[in-house]
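This report concerns only the one structure given below.
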Amino acid sequence: MGTRLTIRPPSDFVLRRDVCSYGYFLLAPNFWDPDRQSLTRIFDLDVGAAAVTLTQAPVKRGGPIAARADRALSRAEQGELRRQVGRMLRLDEDPAAFHRVDPRWKRSGRGRLFRSPTFFEDVVKTVTSCNVTWPGTMRMNRRLCEMINPAFPSPEQLARKRPAWLRSRCGVGYRDVRLVELGRLFASGEVEAAWFEDPDRSDEEVDTALRALPGVGPYASANIMQLLGRCSRIAMDTEAVRHGREALGMTGSTRAVERALQAHYEPFGEHKFRSYWFEMWTRYEEGRGPAWTWEPETTGATLTLPDKA
DNA sequence: GGTAGACCTGGACGC
DNA sequence: GCGTCCAGGTCTACC
């Protein structure tokens, strides 16, 4: 008999909207079921792994989230699960400040961006999204879970792998050495999540430290920063440039469009990334329907491939 | 500080 | 079925 928990979210929270708000909800071990409107994934807890399904019924703002685990969880594990779910769903964030700066999203209530239960998983997911098309990112994350840990590889597990093994089994290509090194840095304590999650650090400090990590450049750093709740920068990739050209009518070289994007989103200050992201996400949904209706392996695999939508 | 080229993988395409 | 080209961000060497 598994454990059932009730999680009380903020009064504005909507599970399907706030889970299906960023591409990581399509990456293993996360599984969004568009028919059941539920999120299932395996969590690493104190005693071991547990598959947990999250639902919110009826779908209304602030309704309780039901968490159903496939096994009995101890008190300590229940607390750990609440903490990890809280991070994924950003239950401690209040989008009101964002809506004051960019009122376009007040009506829909958009503001939260889905993320991983741990900082390490967010870093690895970001590195697997660099220099590869979205289906490739989906494949890498699926294989990492299939070959190493169904709840997602821990730093220790990645640190123990040989790069060549990682490359051949998980299809990570030249990222092999970088991923093993990331695992080693986190496992050894040389890199601590708490340091990056400290709100007293400046964006510049965090950016500099992130760029010192293997596989993390300007794009990856900006993306990890938004995953940390620091949205003052645009993660500048080809999708951003495409958005600038196609949605905002920007012209000129890539560099020129990047500069124009920076200037365009400057008025949104600390919320630049959210303003940019929800514009782009809305365009994705215009072609594919609401994200909570996407089948992960079909519609969900077409992200960044707008001509295939 | 700016830039060219290498790094991998898988899909598209032509033959 | 095979070869070629392309997309994607980071890293290093070089100017």
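Here is the naming used below: chain letters follow the sequence lines, and residue numbers restart at 1 for every chain. Values reported hereafter were calculated over all heavy atoms of this structure, with side chains retained and with hydrogens, waters and symmetry mates removed.
Summarising the geometry, the separation between CG on A/Leu179 and P on B/dC8 is reported as 13 Å, rounded to the nearest angstrom. Atom CG of A/Leu166 is separated from atom C1' of B/dC8 by 13 Å (rounded to the nearest Å). Atom CE in A/Met138 sits roughly 16 Å away from atom C1' in B/dT9 (whole-Å rounding). In this entry the distance linking CG of A/Asp176 with P of C/dT10 reads 17 Å, nearest Å. Atom CG of A/Asp237 is separated from atom P of C/dT10 by 9 Å (rounded to the nearest Å). Atom CH2 of A/Trp134 is separated from atom C1' of B/dG10 by 16 Å (rounded to the nearest Å). Regarding A/Asn223, its CG atom lies at a distance of 16 Å from the P atom of C/dG8, rounded to whole Å. Taking atom CZ of residue A/Arg242 and atom P of nucleotide C/dC6, one finds them 16 Å apart after rounding to whole Å.
Within a 6.0 Å sphere centred on CZ of A/Arg104, heavy atoms belonging to other residues, nucleotides or ligands number more than 12.
Aromatic pair A/Phe120/A/Phe186: ring centres closer than 6.0 Å.
The aromatic rings of A/Trp281 and A/Tyr284 sit perpendicular to each other, their planes meeting at more than 60°, with 30° as the lower class boundary. Ring pair A/Phe25/A/Phe114 is perpendicular by interplanar angle, where above 60° counts as perpendicular and below 30° as parallel.
When the side-chain nitrogen and oxygen atoms of A/Thr238 are compared with OP1 and OP2 of C/dG9, one or more of them lie within a distance under 4.0 Å. Side-chain N/O atoms of A/Arg143 include one lying less than 4.0 angstrom from OP1 or OP2 on B/dG10.
Legend: side-chain hydrogen bond (donor to acceptor under 3.5 Å, both in side chains) pairs involving residues 177-197 of chain A, not counting sequence neighbours, sorted by first then second residue: A/Arg87-A/Glu197, A/Glu181-A/Arg184, A/Arg184-A/Glu190, A/Ser188-A/Glu190.
Distances from the side chain of A/Val132 to the nucleotides C/dT10, C/dG8, B/dG10 place C/dG8 closest. Relative to the side chain of A/Arg175, the nucleotides B/dG10, C/dG9, C/dG8 differ in distance, and C/dG8 lies closest.
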Listed pairs, N/O of protein and of nucleotides 5-7 of chain B, under 3.5 Å:
none

Dump the intermediate steps for salt bridge (charged side-chain N to carboxylate O under 4.0 Å, His left out) on A/Arg283 and A/Glu286, then the final yes or no. CA-CA 5 Å; A/Arg283 289 184 67 235; A/Glu286 283 169 357; 5.4 Å; no
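Interface residues of residues 206-218 of chain A facing DNA chain C, ordered by number: A/Leu213, A/Pro214, A/Gly215, A/Val216, A/Gly217, A/Pro218; criterion, heavy-atom separation under 4.0 Å.
When all heavy atoms are compared, the tightest approach of A/Ala301 to A/Met138 is CA-SD, 3.7 Å.
Checked options A/Arg82, A/Arg83, A/Arg71; the residue passing with A/Glu77 is A/Arg71 (criterion: salt bridge (charged side-chain N to carboxylate O under 4.0 Å, His left out)).
Remark: A/Arg41 is positioned above the aromatic ring of A/Phe43, its terminal NZ or CZ atom under 6.0 angstrom from the ring centre and at most 45 degrees off the axis.
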